[in-house]
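On a predicted model such as this, the values are computed, not experimentally measured, just so you know. Note that ligands are numbered from 1 as they come in the structure, with each ligand's atoms numbered from 1 the same way.
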Amino acid sequence: MADIYDVVIIGGGPGGYNCAIRAGQLGLKVVCIESRGKLGGTCLNVGCIPSKALLHASHLFDAAQNEFASLGIKTGKVELDLTQMMAQKADAVEGLTKGIEFLFKKNKVDYLKGRGKILGKGKVEVELTEGGKQVLETKNIVIATGSEPTTLPGIEIDEERIVSNTGALSLKAVPKKLVLIGAGVIGLEMGSVWARLGSEVTVVEYLDRILPPADAEVAKDAERIFKKQGLTFKLGTKVTGVEKTKSKLKVNIEPAKGGDTETLDADVVIVAIGRKPYTDGLGLENVGGKTDKRGVIEVTDHFKVTDGVWAVGDCIPGPMLAHKAEDDGTAVAELIAGKAGHVDYNLVPSVVYTNPEMAWVGKNEEELKAAGVDYAKGKFPFMANSRARTNHQTLGFVKILTEKGTDKILGAHMIGTGVGEMIAEICVAMEFGAASEDIARTSHAHPTLSEAVRQAAMAVEGWAMQM
Ligand SMILES: Cc1cc2nc3c(=O)[nH]c(=O)nc-3n(C[C@H](O)[C@H](O)[C@H](O)COP(=O)(O)OP(=O)(O)OC[C@H]3O[C@@H](n4cnc5c(N)ncnc54)[C@H](O)[C@@H]3O)c2cc1C
């Protein structure tokens with residue numbers, strides 16, 4: 001009879017693999033089961049990493065055509081080699097997935113390729129990829145099965161012409177006309193890539209604004225900038241169907257509140273309306289696990305589904321982000337090892353990797369107003385930041401929100417070059433319960449973009465010195 005595991009993890013994405021590595025570090029006997037044949041989950045294989053590889057390459061392609069000349073760099077004719085752009089993306093993914101296999105070995109984590117199914121308390125059956133079945137016995141089961149794309153009723157994704165975020169990362173040619181359904185983070189990142197590579201992009205969004213979770217002021221500025229970059233927005237509009245002809249797609253739209261219908265021509269349609277938890281064939285019911293009507297697994301504040309069964313990442317409540325899944329997984333490994341483990345979802349940052357980037361953490365102005373919080377606000381534009389001006393990257397601003405009276409930071413909202421890195425400073429400050437004055441009185445190197453964060457913190461109490 002095989003040994004009994006301390007932890008069996010189902011799913012090898014950021015939630016599962018980080019849980020496995022931390023459990024290994026803590027001396028637990030752990031195995032991770034993954035069905036896609038590669039570790040890294042959605043994030044490494046069809047999410048964060050390939051999308052960032054294409055965003056980076058397409059940004060340079062755009063910059064070479066539209067920015068380099070003004071910096072005194074003559075490039076001659078710039079041409080797109082889409083095959084090579086996709087190959088460098090695959091290379092980045094391959095290297096990173098292999099890296100996780102190395103980390104598993106280093107931390108004595110067993111890795112099984114196959115599909116896991118919970119048979120009951122302490123029992124997981126694995127349908128092995130290489131054939132056959134194996135039943136594992138364990139003291140703890142961690143569900144880290146992640147999420148999958150959702151679509152609209154009547155719109156069938158074929159991953160060739162009507163694509164989800166997965167197909168959108170592997171198009172074989174640049175579509176002339178691209179319709180993007182959904183103006184959320186993933187949609188806008190994908191729309192930016194293909195617009196930079198030459199597509200005419202129309203974004204159809206049901207709500208009357210883009211980026212619903214972002215601060216409204218940031219979203220408004222982003223919309224203005226994206227329009228200048230050539231994206232067309234149809235806001236407050238719903239897609240009622242997509243008709244396929246041999247050569248074209250016809251996207252039928254109408255105002256969300258009702259009214260005249262319109263048809264948009266497209267070569268490719270990207271459906272980016274969100275993702276839903278993935279729990280197909282998992283056997284959750286065999287341990288009394290429950291999901292809500294969206295399929296989200298119900299857990300306690302400390303990730304428990306039921307005794308000896310835990311769940312982390314995209315399949316439980318909270319932001320569907322890789323670093324949130326990572327934090328969940330780490331916390332569960334620590335809880336199983338008898339340590340403390342907790343994640344504050346209010347301090348999980350969000351980043352949109354467009355150009356310029358957007359980043360935020362904590363509460364936005366709309367949320368503070370709705371909660372009746374008396375808040376103060378400090379704002380500083382990159383136009384007044386010396387490094388931004390030197391680099392001709394003056395779009396956007398930093399906004400810091402604090403509690404009136406205590407000056408405690410409640411949230412920060414940024415749009416501008418490099419803000420995806422700069423938001424980490426605010427996360428650390430908020431973890432320590434900092435006031436805006438703490439940031440305002442902290443030395444920031446000159447000339448850096450992060451001086452804008454310091455100036456925004458000064459602006460909260462009205463003493464921004466560079467504007
Ligand atoms: C296009 C795109 C871009 C994104 N960009 C970002 C970004 O920039 N930053 C960010 O933070 N987040 C980003 N995300 C979100 C991020 O990818 C997810 O939040 C993250 O991957 C969730 O991690 P997870 O471990 O919960 O699930 P997943 O990464 O989905 O991993 C779950 C794994 O479990 C496996 N699995 C499922 N069922 C079973 C089973 N029964 N047996 C065995 N294996 C199973 C699946 O094959 C999968 O590999 C992006 C997502 C997409 C789609």
For the residue pair Leu235 and Arg209, what are the closest heavy atoms and their distance? CD1-CA, 4.1 Å

Please output the residues near ligand 1 using a strict heavy-atom distance under 4.0 Å, listed in chain and residue-number order. Ile10, Gly11, Gly12, Gly13, Pro14, Gly15, Ile33, Glu34, Ser35, Arg36, Gly41, Thr42, Cys43, Val46, Gly47, Cys48, Ser51, Lys52, Gly114, Arg115, Gly116, Ala144, Thr145, Gly146, Ser147, Asn165, Ile186, Arg275, Tyr278, Gly313, Asp314, Met320, Leu321, Ala322, His323, Ala325, Tyr353

According to side-chain hydrogen bond (donor to acceptor under 3.5 Å, both in side chains), who are the partners of Lys234, at least two apart in sequence or on a separate chain? Glu262

Full working for salt bridge (charged side-chain N to carboxylate O under 4.0 Å, His left out) between Asp267 and Lys248: CA-CA 5 Å; Asp267 300 294; Lys248 282 259 166 295; 3.1 Å; yes

List for me each residue that meets side-chain hydrogen bond (donor to acceptor under 3.5 Å, both in side chains) alongside Asn66, sequence neighbours excluded, and say none if there are none. Asp62

Check whether Tyr206 forms a cation-pi arrangement with Lys238 (NZ or CZ under 6.0 Å from the six-membered ring centre, at most 45° off the ring normal). no

For Thr306, what residues pass the side-chain contact (heavy atoms from CB on, under 4.5 Å) criterion, not counting sequence neighbours? Val287, Val309

